[in-house]
Amino acid sequence: MKWFANFWRQALALRNSVLLHITLHVIGFGVIAAMVCAAAWYAEHQFNTYLGLDVAPYEIAGGILGLLLVLRTNAGYDRWWEARKLWGGMVNQSRNLVITALAYGPNDTHWRQQFVQWAAAFAHTARASLRGQRNCPEVAVLVGQEAAAQISAADHAPSFVALTLAKLLRDATEKFHMDHFAFLQADRERALLIDHLGGCERILKSPLPLVYSIEIHRFLMLFLVTLPFGLLHKVSAIWLIPLITILVAFPLMALDQMGIELQNPFATENLGHLPLDEITATIERNLRGDLAITLSPPAVHEQ
């Protein structure tokens, strides 16, 4: 019966639901429908004038509108899923970068600690950059207050961190004679972190065209405002028309709001945003775990 409980819990849930965002709009269309019904009743009884329209055009328009809304929702989901894949790649690249550095880099405890801390700081600064945040307390814990202030003051904080990682790799080659092929591999992993972040920034700075949103909202408004006229001669009880209008408006407005919420998968104020806090915490925990393994003494097996 777990599936049964999950269905009703999700069906009635308010958290992470678009219901609170569209309630006023849906009620507004219901009020407009009530006004149309009142005007139609008054015109019919006082002036013997019928205000109803043929419902056939609404059947065609409703299908077109539904298609447009589904296309917009799919476009928003594609953006969300691409962002998730990019962050999945960032998780893997962070692990690969640190594993390569720890396996083939210098056997110097201070260098290793610095490298892991700055690699973990990249994920936190990337998250903060995508959210438009300057200060990141996790970074201060990792690299210190002074370095964190320099990162915060940088024009592009993740690039500052990536540059520091590149300098650490250069030091490993020049001072500690790190193998050149290992250096090239580690630097390639570092560069891929910037590539993944660039993909996220492309999503962030390229929202769906405004003209597309404007025309959908205009079409949606015209459809729902005039829908009561098409229902006047289809519904025997005129007082049911506002209720029917609300029932029609709810899924249409919900689809529209879902497309809006999925456009920016990084903003915490958007429903369904990516769990970047959890992802970056996982990256940091994994990298620290790799460092702990290399710093711990090897196990001694008794014969």
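Small disclaimer: the values here were computed from a predicted structure and weren't measured.
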Please tabulate, one pair per line, all N/O donor-acceptor pairs under 3.5 Å involving side-chain atoms of residues 154-168, not counting sequence neighbours.
{"from": "H156", "atom 1": "ND1", "to": "S159", "atom 2": "N", "distance (Å)": "3.3"}
{"from": "H156", "atom 1": "ND1", "to": "S159", "atom 2": "OG", "distance (Å)": "2.5"}
{"from": "H156", "atom 1": "NE2", "to": "E201", "atom 2": "OE2", "distance (Å)": "2.7"}
{"from": "T164", "atom 1": "OG1", "to": "F160", "atom 2": "O", "distance (Å)": "3.0"}

### Task
Under the side chain to side chain contact (heavy atoms under 4.5 Å, CB included) rule, what do Y212 and L71 come out as? Steps first, then yes or no, please.
CA-CA 11 Å; Y212 190 65; L71 289 175; 3.9 Å; yes
Any non-hydrogen side-chain atom of [X] less than 4.5 Å from a side-chain atom of [Y]?
{"X": "D187", "Y": "R170", "result": "no"}
{"X": "E284", "Y": "T280", "result": "no"}
{"X": "L231", "Y": "Y58", "result": "no"}
{"X": "H273", "Y": "N264", "result": "no"}
{"X": "L193", "Y": "S94", "result": "yes"}
{"X": "L102", "Y": "F115", "result": "no"}
{"X": "L252", "Y": "F223", "result": "yes"}
{"X": "Q257", "Y": "H25", "result": "no"}

### Message
I'd like to know if R218 and E215 make a salt bridge, using a cut-off of under 4.0 Å between side-chain N and carboxylate O.
### Response
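Salt bridge between R218 and E215, a charged N being under 4.0 Å from a carboxylate O: yes.
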Between [X] and [Y], is there a shared hydrophobic cluster once you connect ILVMFWY residues whose side-chain heavy atoms come closer than 4.5 Å?
{"X": "F229", "Y": "M35", "answer": "no"}
{"X": "L65", "Y": "I214", "answer": "no"}
{"X": "I27", "Y": "L255", "answer": "no"}
{"X": "L243", "Y": "W239", "answer": "yes"}
{"X": "I283", "Y": "V141", "answer": "no"}

### Query
More than 12 non-hydrogen atoms from neighbouring residues, nucleotides or ligands closer than 6.0 Å to CZ on F219, yes or no?
yes
